[in-house]
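Below, chain A is the first sequence line, B the second, and so on; all start at residue 1.
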There are 2 protein chains.
Amino acid sequence: MASCLAERLGELIDLSANERASLDRLAQRERLLRRGAVLLRERDPLGELFVVQRGTLMSYVILPDGSRQILRFLFRGDAIAMAGLVYRSSPETVIALTECAVAPLERAAVAALAVEHPRLSALLIAIDQMERVALTDRLAGLGRTSAKARVAALLIELRNRMRSIDRQIDGTFSPGLTQEEMGDATGLTAVHVNRMLRQLQDEGLIARDGGRFTLLDQPALARTAYHIDRTAGLDLSWLPAPR
Amino acid sequence: MASCLAERLGELIDLSANERASLDRLAQRERLLRRGAVLLRERDPLGELFVVQRGTLMSYVILPDGSRQILRFLFRGDAIAMAGLVYRSSPETVIALTECAVAPLERAAVAALAVEHPRLSALLIAIDQMERVALTDRLAGLGRTSAKARVAALLIELRNRMRSIDRQIDGTFSPGLTQEEMGDATGLTAVHVNRMLRQLQDEGLIARDGGRFTLLDQPALARTAYHIDRTAGLDLSWLPAPR
DNA sequence: CGAAATCTTGATGCTCATCAAAAGTGGTGG
DNA sequence: CCACCACTTTTGATGAGCATCAAGATTTCG
(Lines give C-alpha, C1' and ligand atoms only; values in the text may rest on other atoms or scores of the structure.)
Protein backbone atom coordinates (compact mmCIF):
# COMPACT_ATOMS: atom_id res chain seq x y z
CA MET A 1 0.00 0.00 0.00
CA ALA A 2 2.92 2.31 -0.66
CA SER A 3 1.69 5.57 -2.11
CA CYS A 4 2.57 6.28 -5.69
CA LEU A 5 3.50 9.74 -4.53
CA ALA A 6 6.43 8.34 -2.59
CA GLU A 7 7.35 6.30 -5.65
CA ARG A 8 7.30 9.30 -7.97
CA LEU A 9 9.19 11.63 -5.64
CA GLY A 10 11.59 8.83 -4.78
CA GLU A 11 12.70 8.74 -8.40
CA LEU A 12 13.96 12.28 -8.07
CA ILE A 13 15.54 12.25 -4.62
CA ASP A 14 16.32 9.81 -1.83
CA LEU A 15 13.46 10.12 0.64
CA SER A 16 14.06 9.96 4.36
CA ALA A 17 12.07 7.35 6.30
CA ASN A 18 10.21 10.23 7.85
CA GLU A 19 9.28 11.73 4.51
CA ARG A 20 8.25 8.40 3.10
CA ALA A 21 5.97 7.76 6.06
CA SER A 22 4.30 11.16 5.68
CA LEU A 23 3.71 10.60 1.99
CA ASP A 24 2.22 7.19 2.58
CA ARG A 25 -0.08 8.61 5.24
CA LEU A 26 -1.21 11.26 2.78
CA ALA A 27 -2.87 8.82 0.40
CA GLN A 28 -4.44 5.97 2.27
CA ARG A 29 -7.85 5.60 0.74
CA GLU A 30 -8.35 4.36 -2.77
CA ARG A 31 -11.09 4.87 -5.29
CA LEU A 32 -11.64 2.54 -8.24
CA LEU A 33 -12.77 3.72 -11.64
CA ARG A 34 -13.84 1.66 -14.58
CA ARG A 35 -12.92 2.48 -18.10
CA GLY A 36 -14.69 5.62 -19.31
CA ALA A 37 -15.69 6.71 -15.81
CA VAL A 38 -15.69 10.47 -15.21
CA LEU A 39 -13.67 11.44 -12.15
CA LEU A 40 -14.23 15.18 -12.53
CA ARG A 41 -16.32 17.26 -14.83
CA GLU A 42 -15.39 20.79 -15.96
CA ARG A 43 -16.89 23.33 -13.53
CA ASP A 44 -17.50 20.68 -10.88
CA PRO A 45 -16.66 21.89 -7.39
CA LEU A 46 -13.20 20.67 -6.43
CA GLY A 47 -13.32 18.94 -3.07
CA GLU A 48 -10.19 16.86 -3.01
CA LEU A 49 -7.08 16.16 -5.01
CA PHE A 50 -6.08 12.76 -6.36
CA VAL A 51 -2.99 10.78 -7.18
CA VAL A 52 -3.11 8.07 -9.83
CA GLN A 53 -2.30 4.70 -8.27
CA ARG A 54 -2.98 2.41 -11.24
CA GLY A 55 -4.25 2.82 -14.78
CA THR A 56 -4.39 5.73 -17.19
CA LEU A 57 -6.64 8.77 -17.39
CA MET A 58 -6.82 11.89 -19.51
CA SER A 59 -8.03 15.41 -18.94
CA TYR A 60 -9.63 17.70 -21.50
CA VAL A 61 -11.72 20.79 -22.05
CA ILE A 62 -14.66 21.27 -24.40
CA LEU A 63 -14.79 24.60 -26.23
CA PRO A 64 -18.02 26.49 -26.93
CA ASP A 65 -18.10 25.16 -30.51
CA GLY A 66 -18.08 21.61 -29.19
CA SER A 67 -14.50 20.74 -30.06
CA ARG A 68 -12.33 19.01 -27.52
CA GLN A 69 -8.73 19.64 -26.53
CA ILE A 70 -7.02 16.92 -24.56
CA LEU A 71 -4.70 18.60 -22.07
CA ARG A 72 -2.76 15.72 -20.54
CA PHE A 73 -2.56 12.01 -20.08
CA LEU A 74 -2.29 10.89 -16.49
CA PHE A 75 -0.20 7.93 -15.40
CA ARG A 76 0.69 6.28 -12.10
CA GLY A 77 2.09 8.85 -9.73
CA ASP A 78 0.58 11.86 -11.51
CA ALA A 79 -1.42 14.34 -9.49
CA ILE A 80 -4.97 15.15 -10.56
CA ALA A 81 -6.86 18.35 -9.86
CA MET A 82 -3.96 20.22 -8.35
CA ALA A 83 -5.84 23.22 -9.67
CA GLY A 84 -8.02 22.59 -6.63
CA LEU A 85 -5.24 24.25 -4.66
CA VAL A 86 -6.35 27.52 -6.19
CA TYR A 87 -9.72 27.26 -7.89
CA ARG A 88 -13.05 26.27 -6.45
CA SER A 89 -14.20 24.50 -9.59
CA SER A 90 -12.41 22.21 -11.99
CA PRO A 91 -10.97 23.80 -15.14
CA GLU A 92 -10.94 20.43 -16.90
CA THR A 93 -12.74 17.11 -17.20
CA VAL A 94 -10.88 14.00 -16.10
CA ILE A 95 -11.90 10.54 -17.30
CA ALA A 96 -10.42 7.07 -17.03
CA LEU A 97 -8.95 5.57 -20.20
CA THR A 98 -8.51 2.19 -18.50
CA GLU A 99 -9.53 0.62 -15.21
CA CYS A 100 -7.99 2.90 -12.63
CA ALA A 101 -7.34 3.40 -8.97
CA VAL A 102 -6.86 6.91 -7.61
CA ALA A 103 -6.05 8.01 -4.08
CA PRO A 104 -7.92 11.08 -2.85
CA LEU A 105 -6.12 13.51 -0.60
CA GLU A 106 -7.17 16.62 1.25
CA ARG A 107 -5.90 20.10 0.57
CA ALA A 108 -5.27 20.47 4.29
CA ALA A 109 -2.94 17.48 4.07
CA VAL A 110 -0.87 19.31 1.47
CA ALA A 111 -0.68 22.27 3.83
CA ALA A 112 0.46 20.00 6.64
CA LEU A 113 3.07 18.47 4.36
CA ALA A 114 4.48 21.91 3.59
CA VAL A 115 4.83 22.62 7.31
CA GLU A 116 6.36 19.29 8.27
CA HIS A 117 8.47 18.64 5.20
CA PRO A 118 9.86 21.79 3.61
CA ARG A 119 12.03 19.70 1.31
CA LEU A 120 9.00 17.94 -0.11
CA SER A 121 7.12 21.16 -0.73
CA ALA A 122 10.21 22.54 -2.48
CA LEU A 123 10.26 19.36 -4.54
CA LEU A 124 6.63 19.86 -5.48
CA ILE A 125 7.54 23.31 -6.76
CA ALA A 126 10.32 21.72 -8.79
CA ILE A 127 7.97 19.10 -10.24
CA ASP A 128 5.55 21.85 -11.23
CA GLN A 129 8.39 23.38 -13.21
CA MET A 130 9.01 20.13 -15.04
CA GLU A 131 5.35 20.00 -15.99
CA ARG A 132 5.40 23.62 -17.01
CA VAL A 133 8.29 22.97 -19.37
CA ALA A 134 6.48 19.92 -20.78
CA LEU A 135 3.44 22.12 -21.40
CA THR A 136 5.46 24.80 -23.16
CA ASP A 137 7.05 22.14 -25.35
CA ARG A 138 3.54 21.08 -26.38
CA LEU A 139 2.55 24.71 -26.86
CA ALA A 140 5.41 25.22 -29.29
CA GLY A 141 4.40 22.01 -31.05
CA LEU A 142 0.80 23.11 -31.50
CA GLY A 143 1.75 26.62 -32.52
CA ARG A 144 4.61 25.94 -34.86
CA THR A 145 4.88 22.37 -36.12
CA SER A 146 3.20 20.35 -38.85
CA ALA A 147 0.59 17.67 -38.36
CA LYS A 148 3.16 14.96 -38.93
CA ALA A 149 5.50 16.41 -36.32
CA ARG A 150 2.69 16.62 -33.78
CA VAL A 151 1.60 13.04 -34.27
CA ALA A 152 5.21 11.87 -34.03
CA ALA A 153 5.67 13.94 -30.87
CA LEU A 154 2.55 12.41 -29.34
CA LEU A 155 3.79 8.89 -30.00
CA ILE A 156 7.18 9.66 -28.51
CA GLU A 157 5.67 11.29 -25.44
CA LEU A 158 3.26 8.42 -24.83
CA ARG A 159 6.02 5.85 -25.25
CA ASN A 160 8.31 7.73 -22.87
CA ARG A 161 5.69 8.11 -20.20
CA MET A 162 4.57 4.50 -20.44
CA ARG A 163 8.19 3.45 -20.30
CA SER A 164 8.83 5.53 -17.22
CA ILE A 165 6.29 3.47 -15.31
CA ASP A 166 7.04 0.14 -16.99
CA ARG A 167 10.67 -0.46 -17.86
CA GLN A 168 9.67 -3.46 -19.98
CA ILE A 169 8.34 -1.17 -22.66
CA ASP A 170 10.79 -0.14 -25.31
CA GLY A 171 9.98 0.37 -28.96
CA THR A 172 6.61 -1.38 -28.91
CA PHE A 173 3.61 -0.20 -26.93
CA SER A 174 -0.18 0.17 -26.96
CA PRO A 175 -1.26 3.73 -26.31
CA GLY A 176 -4.88 2.62 -25.96
CA LEU A 177 -6.14 5.72 -27.75
CA THR A 178 -8.45 6.07 -30.70
CA GLN A 179 -7.25 8.20 -33.58
CA GLU A 180 -9.97 10.64 -32.62
CA GLU A 181 -8.34 11.02 -29.21
CA MET A 182 -4.93 11.44 -30.80
CA GLY A 183 -6.45 14.19 -32.90
CA ASP A 184 -7.96 15.92 -29.88
CA ALA A 185 -4.56 15.82 -28.21
CA THR A 186 -2.71 17.25 -31.21
CA GLY A 187 -5.28 19.70 -32.50
CA LEU A 188 -6.06 17.63 -35.61
CA THR A 189 -8.98 15.67 -37.01
CA ALA A 190 -9.10 11.90 -36.68
CA VAL A 191 -8.95 11.61 -40.47
CA HIS A 192 -5.77 13.60 -40.70
CA VAL A 193 -4.17 11.71 -37.82
CA ASN A 194 -4.84 8.56 -39.81
CA ARG A 195 -3.08 9.96 -42.86
CA MET A 196 -0.10 11.10 -40.81
CA LEU A 197 0.20 7.67 -39.20
CA ARG A 198 0.13 6.10 -42.63
CA GLN A 199 2.80 8.49 -43.80
CA LEU A 200 5.05 7.77 -40.81
CA GLN A 201 4.50 4.09 -41.52
CA ASP A 202 5.26 4.41 -45.25
CA GLU A 203 8.46 6.24 -44.36
CA GLY A 204 9.49 3.36 -42.14
CA LEU A 205 9.48 5.38 -38.93
CA ILE A 206 6.78 3.34 -37.21
CA ALA A 207 4.92 0.07 -37.62
CA ARG A 208 1.36 -0.62 -36.55
CA ASP A 209 -0.53 -3.77 -35.69
CA GLY A 210 -4.00 -3.29 -34.34
CA GLY A 211 -3.58 -0.88 -31.47
CA ARG A 212 0.13 -1.67 -31.06
CA PHE A 213 2.74 0.74 -32.28
CA THR A 214 6.43 0.10 -32.83
CA LEU A 215 8.86 2.97 -33.12
CA LEU A 216 11.17 1.60 -35.83
CA ASP A 217 13.55 4.50 -36.30
CA GLN A 218 13.57 6.47 -33.09
CA PRO A 219 16.23 9.02 -34.03
CA ALA A 220 14.42 9.89 -37.26
CA LEU A 221 11.09 10.00 -35.44
CA ALA A 222 12.53 12.34 -32.82
CA ARG A 223 13.84 14.57 -35.58
CA THR A 224 10.53 14.81 -37.40
CA ALA A 225 8.83 15.51 -34.05
CA TYR A 226 11.38 18.20 -33.14
CA HIS A 227 11.54 16.28 -29.90
CA ILE A 228 13.66 17.59 -27.02
CA ASP A 229 14.84 15.15 -24.42
CA ARG A 230 14.62 16.81 -21.04
CA THR A 231 15.43 13.81 -18.89
CA ALA A 232 19.11 14.69 -18.80
CA GLY A 233 20.36 17.76 -16.99
CA LEU A 234 18.26 17.65 -13.84
CA ASP A 235 19.67 19.43 -10.81
CA LEU A 236 17.94 19.27 -7.44
CA SER A 237 21.02 19.87 -5.37
CA TRP A 238 19.61 23.10 -3.96
CA LEU A 239 16.81 21.41 -2.01
CA PRO A 240 16.88 21.99 1.75
CA ALA A 241 17.77 19.17 4.15
CA PRO A 242 15.19 16.41 4.72
CA ARG A 243 13.37 15.90 8.01
CA MET B 1 12.96 48.79 -2.37
CA ALA B 2 10.00 46.56 -1.60
CA SER B 3 10.32 43.36 -3.58
CA CYS B 4 7.74 42.78 -6.27
CA LEU B 5 7.48 39.27 -4.96
CA ALA B 6 5.91 40.55 -1.77
CA GLU B 7 3.63 42.73 -3.87
CA ARG B 8 2.49 39.82 -6.03
CA LEU B 9 1.96 37.37 -3.17
CA GLY B 10 0.35 40.09 -1.13
CA GLU B 11 -2.42 40.33 -3.70
CA LEU B 12 -3.39 36.77 -2.93
CA ILE B 13 -3.05 36.64 0.84
CA ASP B 14 -2.32 38.96 3.74
CA LEU B 15 1.39 38.60 4.44
CA SER B 16 2.71 38.60 7.98
CA ALA B 17 5.44 41.15 8.76
CA ASN B 18 7.80 38.24 9.07
CA GLU B 19 6.92 36.87 5.66
CA ARG B 20 7.17 40.27 4.04
CA ALA B 21 10.61 40.81 5.51
CA SER B 22 11.83 37.45 4.23
CA LEU B 23 10.52 38.16 0.75
CA ASP B 24 12.16 41.56 0.65
CA ARG B 25 15.44 40.06 1.77
CA LEU B 26 15.18 37.52 -1.04
CA ALA B 27 15.47 40.05 -3.84
CA GLN B 28 17.80 42.85 -2.90
CA ARG B 29 20.02 43.29 -5.89
CA GLU B 30 18.71 44.70 -9.12
CA ARG B 31 19.85 44.33 -12.69
CA LEU B 32 18.89 46.77 -15.43
CA LEU B 33 18.15 45.72 -19.00
CA ARG B 34 17.67 47.89 -21.99
CA ARG B 35 15.09 47.23 -24.63
CA GLY B 36 15.98 44.15 -26.65
CA ALA B 37 18.58 42.90 -24.17
CA VAL B 38 18.82 39.14 -23.80
CA LEU B 39 18.57 38.03 -20.17
CA LEU B 40 18.83 34.33 -20.92
CA ARG B 41 19.47 32.32 -24.04
CA GLU B 42 18.09 28.86 -24.70
CA ARG B 43 20.57 26.23 -23.44
CA ASP B 44 22.42 28.79 -21.34
CA PRO B 45 23.42 27.45 -17.94
CA LEU B 46 20.90 28.58 -15.34
CA GLY B 47 22.68 30.16 -12.42
CA GLU B 48 20.04 32.23 -10.72
CA LEU B 49 16.35 32.98 -10.88
CA PHE B 50 14.85 36.42 -11.42
CA VAL B 51 11.80 38.41 -10.52
CA VAL B 52 10.60 41.21 -12.77
CA GLN B 53 10.73 44.53 -10.89
CA ARG B 54 9.87 46.92 -13.71
CA GLY B 55 9.21 46.65 -17.43
CA THR B 56 8.08 43.84 -19.70
CA LEU B 57 9.90 40.82 -21.11
CA MET B 58 8.97 37.79 -23.15
CA SER B 59 10.26 34.26 -23.41
CA TYR B 60 10.35 32.10 -26.51
CA VAL B 61 11.85 29.05 -28.16
CA ILE B 62 13.24 28.70 -31.67
CA LEU B 63 12.38 25.44 -33.46
CA PRO B 64 14.83 23.62 -35.75
CA ASP B 65 13.12 25.09 -38.84
CA GLY B 66 13.78 28.58 -37.52
CA SER B 67 10.25 29.43 -36.47
CA ARG B 68 9.68 31.04 -33.11
CA GLN B 69 7.04 30.33 -30.49
CA ILE B 70 6.57 32.96 -27.83
CA LEU B 71 5.78 31.18 -24.58
CA ARG B 72 4.91 33.96 -22.19
CA PHE B 73 5.00 37.65 -21.53
CA LEU B 74 6.55 38.63 -18.25
CA PHE B 75 5.32 41.53 -16.16
CA ARG B 76 6.23 43.05 -12.81
CA GLY B 77 6.14 40.40 -10.14
CA ASP B 78 6.53 37.46 -12.54
CA ALA B 79 9.24 34.92 -11.90
CA ILE B 80 11.78 34.16 -14.62
CA ALA B 81 13.74 30.97 -15.07
CA MET B 82 11.94 29.00 -12.39
CA ALA B 83 12.89 26.08 -14.60
CA GLY B 84 16.29 26.62 -13.04
CA LEU B 85 14.83 24.87 -10.01
CA VAL B 86 15.01 21.66 -12.02
CA TYR B 87 17.10 22.02 -15.15
CA ARG B 88 20.72 22.99 -15.52
CA SER B 89 20.16 24.89 -18.73
CA SER B 90 17.44 27.24 -19.83
CA PRO B 91 14.61 25.77 -21.91
CA GLU B 92 13.74 29.21 -23.27
CA THR B 93 15.19 32.54 -24.31
CA VAL B 94 14.16 35.61 -22.31
CA ILE B 95 14.50 39.11 -23.72
CA ALA B 96 13.40 42.54 -22.61
CA LEU B 97 10.56 44.17 -24.56
CA THR B 98 11.06 47.46 -22.74
CA GLU B 99 13.60 48.92 -20.35
CA CYS B 100 13.52 46.52 -17.43
CA ALA B 101 14.76 45.88 -13.96
CA VAL B 102 14.98 42.33 -12.68
CA ALA B 103 16.02 41.08 -9.26
CA PRO B 104 18.22 37.97 -9.24
CA LEU B 105 17.74 35.45 -6.49
CA GLU B 106 19.55 32.28 -5.50
CA ARG B 107 18.09 28.81 -5.61
CA ALA B 108 19.35 28.31 -2.09
CA ALA B 109 17.25 31.27 -1.01
CA VAL B 110 14.15 29.52 -2.30
CA ALA B 111 15.13 26.46 -0.28
CA ALA B 112 15.55 28.62 2.82
CA LEU B 113 12.17 30.19 2.20
CA ALA B 114 10.53 26.77 2.09
CA VAL B 115 12.07 25.92 5.45
CA GLU B 116 11.24 29.19 7.19
CA HIS B 117 7.90 29.95 5.61
CA PRO B 118 5.86 26.87 4.77
CA ARG B 119 2.87 29.01 3.95
CA LEU B 120 4.81 30.86 1.28
CA SER B 121 6.09 27.68 -0.31
CA ALA B 122 2.54 26.33 -0.37
CA LEU B 123 1.50 29.59 -1.98
CA LEU B 124 4.19 29.17 -4.63
CA ILE B 125 2.72 25.76 -5.42
CA ALA B 126 -0.68 27.40 -5.73
CA ILE B 127 0.66 30.10 -8.05
CA ASP B 128 2.23 27.42 -10.22
CA GLN B 129 -1.22 25.93 -10.60
CA MET B 130 -2.64 29.23 -11.74
CA GLU B 131 0.06 29.44 -14.38
CA ARG B 132 -0.54 25.86 -15.39
CA VAL B 133 -4.20 26.58 -15.98
CA ALA B 134 -3.30 29.69 -17.97
CA LEU B 135 -0.99 27.55 -20.10
CA THR B 136 -3.66 24.91 -20.73
CA ASP B 137 -6.09 27.65 -21.73
CA ARG B 138 -3.55 28.78 -24.32
CA LEU B 139 -2.97 25.18 -25.37
CA ALA B 140 -6.66 24.74 -26.10
CA GLY B 141 -6.63 28.01 -27.97
CA LEU B 142 -3.74 26.97 -30.21
CA GLY B 143 -5.11 23.50 -30.76
CA ARG B 144 -8.75 24.23 -31.33
CA THR B 145 -9.57 27.84 -32.16
CA SER B 146 -9.47 30.00 -35.28
CA ALA B 147 -6.90 32.67 -36.05
CA LYS B 148 -9.40 35.37 -35.16
CA ALA B 149 -10.13 33.80 -31.79
CA ARG B 150 -6.43 33.51 -30.98
CA VAL B 151 -5.70 37.13 -31.81
CA ALA B 152 -8.68 38.26 -29.77
CA ALA B 153 -7.54 36.06 -26.88
CA LEU B 154 -4.05 37.55 -27.03
CA LEU B 155 -5.42 41.09 -26.86
CA ILE B 156 -7.62 40.24 -23.90
CA GLU B 157 -4.81 38.50 -22.07
CA LEU B 158 -2.38 41.36 -22.61
CA ARG B 159 -4.95 43.90 -21.52
CA ASN B 160 -5.78 41.94 -18.38
CA ARG B 161 -2.17 41.47 -17.40
CA MET B 162 -1.29 45.09 -18.01
CA ARG B 163 -4.34 46.12 -16.05
CA SER B 164 -3.41 43.91 -13.14
CA ILE B 165 -0.23 45.92 -12.66
CA ASP B 166 -1.69 49.31 -13.60
CA ARG B 167 -5.27 49.90 -12.54
CA GLN B 168 -5.43 52.99 -14.75
CA ILE B 169 -5.62 50.81 -17.84
CA ASP B 170 -9.08 49.86 -18.95
CA GLY B 171 -10.16 49.51 -22.54
CA THR B 172 -7.20 51.28 -24.10
CA PHE B 173 -3.61 50.07 -23.91
CA SER B 174 -0.35 49.72 -25.84
CA PRO B 175 0.87 46.16 -25.98
CA GLY B 176 4.19 47.27 -27.43
CA LEU B 177 4.36 44.26 -29.73
CA THR B 178 4.91 44.04 -33.45
CA GLN B 179 2.40 42.02 -35.43
CA GLU B 180 5.20 39.55 -36.03
CA GLU B 181 5.47 39.03 -32.29
CA MET B 182 1.72 38.66 -31.99
CA GLY B 183 1.96 35.99 -34.66
CA ASP B 184 4.74 34.17 -32.87
CA ALA B 185 2.64 34.18 -29.72
CA THR B 186 -0.48 32.85 -31.46
CA GLY B 187 1.07 30.47 -33.96
CA LEU B 188 0.23 32.66 -36.97
CA THR B 189 2.10 34.72 -39.55
CA ALA B 190 2.41 38.47 -39.16
CA VAL B 191 0.41 38.87 -42.37
CA HIS B 192 -2.50 36.88 -41.06
CA VAL B 193 -2.43 38.66 -37.70
CA ASN B 194 -2.78 41.89 -39.61
CA ARG B 195 -5.83 40.58 -41.45
CA MET B 196 -7.43 39.35 -38.25
CA LEU B 197 -6.86 42.71 -36.55
CA ARG B 198 -8.49 44.41 -39.50
CA GLN B 199 -11.41 42.03 -39.29
CA LEU B 200 -11.85 42.65 -35.55
CA GLN B 201 -11.70 46.34 -36.28
CA ASP B 202 -14.22 46.18 -39.15
CA GLU B 203 -16.57 44.29 -36.87
CA GLY B 204 -16.32 47.06 -34.31
CA LEU B 205 -14.75 44.91 -31.62
CA ILE B 206 -11.52 46.90 -31.40
CA ALA B 207 -10.06 50.20 -32.55
CA ARG B 208 -6.44 50.90 -33.35
CA ASP B 209 -4.31 54.02 -33.44
CA GLY B 210 -0.60 53.53 -33.99
CA GLY B 211 0.38 50.96 -31.40
CA ARG B 212 -2.61 51.73 -29.15
CA PHE B 213 -5.53 49.33 -29.02
CA THR B 214 -8.99 49.96 -27.65
CA LEU B 215 -11.29 47.09 -26.79
CA LEU B 216 -14.62 48.54 -27.94
CA ASP B 217 -16.96 45.63 -27.27
CA GLN B 218 -15.39 43.53 -24.58
CA PRO B 219 -18.23 41.00 -24.16
CA ALA B 220 -18.25 40.28 -27.90
CA LEU B 221 -14.47 40.12 -27.99
CA ALA B 222 -14.45 37.68 -25.08
CA ARG B 223 -16.98 35.53 -26.93
CA THR B 224 -15.02 35.40 -30.16
CA ALA B 225 -11.88 34.58 -28.12
CA TYR B 226 -13.66 31.83 -26.16
CA HIS B 227 -12.19 33.62 -23.20
CA ILE B 228 -12.62 32.18 -19.72
CA ASP B 229 -12.33 34.50 -16.77
CA ARG B 230 -10.49 32.69 -14.01
CA THR B 231 -10.06 35.60 -11.63
CA ALA B 232 -13.21 34.70 -9.74
CA GLY B 233 -13.42 31.53 -7.73
CA LEU B 234 -10.05 31.56 -6.03
CA ASP B 235 -9.78 29.66 -2.77
CA LEU B 236 -6.60 29.71 -0.71
CA SER B 237 -8.27 29.00 2.61
CA TRP B 238 -6.38 25.72 2.98
CA LEU B 239 -2.96 27.36 3.36
CA PRO B 240 -1.17 26.65 6.65
CA ALA B 241 -0.72 29.34 9.29
CA PRO B 242 1.83 32.11 8.61
CA ARG B 243 5.04 32.52 10.56
C1' DC C 1 -23.38 -13.00 -34.08
C1' DG C 2 -24.93 -8.42 -34.87
C1' DA C 3 -24.51 -3.50 -34.01
C1' DA C 4 -21.69 0.25 -33.01
C1' DA C 5 -17.41 2.18 -32.99
C1' DT C 6 -13.20 2.78 -35.31
C1' DC C 7 -10.19 2.81 -39.20
C1' DT C 8 -9.16 3.81 -43.95
C1' DT C 9 -9.20 6.12 -48.27
C1' DG C 10 -10.98 9.38 -51.82
C1' DA C 11 -12.88 13.95 -53.28
C1' DT C 12 -13.49 18.66 -52.37
C1' DG C 13 -13.05 23.16 -50.06
C1' DC C 14 -11.65 26.56 -46.57
C1' DT C 15 -8.21 28.58 -43.61
C1' DC C 16 -4.07 30.25 -43.22
C1' DA C 17 0.89 30.42 -45.27
C1' DT C 18 3.73 32.26 -48.71
C1' DC C 19 5.28 35.59 -51.96
C1' DA C 20 5.31 40.21 -53.38
C1' DA C 21 5.10 45.14 -53.27
C1' DA C 22 3.67 49.61 -51.76
C1' DA C 23 2.91 52.76 -47.90
C1' DG C 24 3.85 54.18 -43.33
C1' DT C 25 6.92 54.80 -39.10
C1' DG C 26 10.82 55.61 -36.33
C1' DG C 27 15.53 56.08 -35.44
C1' DT C 28 20.28 57.82 -36.88
C1' DG C 29 23.76 60.56 -38.49
C1' DG C 30 25.24 64.21 -41.31
C1' DC D 1 16.39 69.60 -39.29
C1' DC D 2 16.25 66.71 -42.86
C1' DA D 3 17.47 62.65 -45.53
C1' DC D 4 18.02 58.09 -45.36
C1' DC D 5 17.52 53.42 -43.93
C1' DA D 6 15.58 49.63 -41.61
C1' DC D 7 11.61 47.99 -39.84
C1' DT D 8 6.71 47.56 -39.65
C1' DT D 9 2.14 47.66 -41.53
C1' DT D 10 -1.03 46.85 -45.11
C1' DT D 11 -3.12 44.71 -49.08
C1' DG D 12 -3.32 41.56 -53.11
C1' DA D 13 -2.50 37.06 -55.48
C1' DT D 14 -1.55 32.35 -55.21
C1' DG D 15 -0.91 27.86 -53.07
C1' DA D 16 -0.35 24.24 -49.37
C1' DG D 17 -2.02 21.94 -45.47
C1' DC D 18 -5.52 20.36 -43.06
C1' DA D 19 -10.79 20.10 -42.48
C1' DT D 20 -14.93 18.32 -44.08
C1' DC D 21 -17.91 15.10 -46.28
C1' DA D 22 -18.64 10.54 -47.68
C1' DA D 23 -18.52 5.58 -47.97
C1' DG D 24 -16.59 1.10 -47.56
C1' DA D 25 -13.65 -2.04 -44.57
C1' DT D 26 -12.31 -3.65 -40.14
C1' DT D 27 -12.44 -4.20 -35.28
C1' DT D 28 -14.63 -4.29 -30.82
C1' DC D 29 -17.93 -5.42 -27.65
C1' DG D 30 -22.29 -6.70 -25.73
Can you measure [X] atom [atom1] to [N] atom [atom2] for me and round it to whole angstrom units?
| X | N | atom1 | atom2 | result |
| --- | --- | --- | --- | --- |
| A:E180 | C:dC7 | CD | C1' | 11 Å |
| B:D65 | C:dA17 | CG | C1' | 13 Å |
| B:H192 | D:dT9 | NE2 | P | 16 Å |
| B:N194 | C:dA21 | CG | P | 18 Å |
| A:R34 | D:dG30 | CZ | P | 11 Å |
| A:L177 | C:dA5 | CG | C1' | 15 Å |
| B:M182 | C:dA17 | CE | P | 15 Å |
| A:M196 | D:dC18 | CE | P | 6 Å |

request  = For A:T145 and for B:Q201, find the nucleotide of DNA chain D with the closest heavy atom, then tell me which residue's nucleotide is more 5'.
outcome  =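 Nearest-nucleotide comparison on DNA chain D picks B:Q201.
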inquiry  = Return whichever of A:V193 or B:T178 has its heavy-atom-nearest nucleotide of DNA chain D closer to the 5' end.
reply    =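 This one resolves to B:T178.
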Mind checking if [X] touches a base, just sugar-phosphate, or nothing, with heavy atoms under 4.0 Å?
| X | result |
| --- | --- |
| B:T189 | base |
| B:R208 | sugar-phosphate |
| A:R195 | base |
| A:G187 | sugar-phosphate |

task = State whether the number of non-hydrogen atoms from other residues, nucleotides or ligands found under 6.0 Å of A:R43 atom CZ is greater than 12.
result =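 No.
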ask   = Is B:R41 atom CZ crowded by more than 12 heavy atoms from other residues, nucleotides or ligands, each under 6.0 Å away?
value =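 No, not enclosed.
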ask   = Checking A:R68 against A:Y60: charged group under 6.0 Å from the ring centre and within 45 degrees of the axis?
value = yes
ask   = Which nucleotide in the list D:dT9, C:dC16, C:dT8 gets nearest to the side chain of B:Q179?
value = D:dT9
ask   = Looking at B:L188, B:L177, B:V151, which one forms a side chain to side chain contact (heavy atoms under 4.5 Å, CB included) with B:M182?
value =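 Option passing the side chain to side chain contact (heavy atoms under 4.5 Å, CB included) with B:M182: B:L177.
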task = Kindly compute the distance separating OG1 (A:T178) from CG (A:D184), expressed to the nearest 0.5 Å.
result =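 A:T178 atom OG1 to A:D184 atom CG measures 7.5 Å (nearest 0.5 Å).
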key: First of B:R35 and B:L188 reached from the 5' end of DNA chain C, by closest nucleotide   =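 So the residue in question is B:L188.
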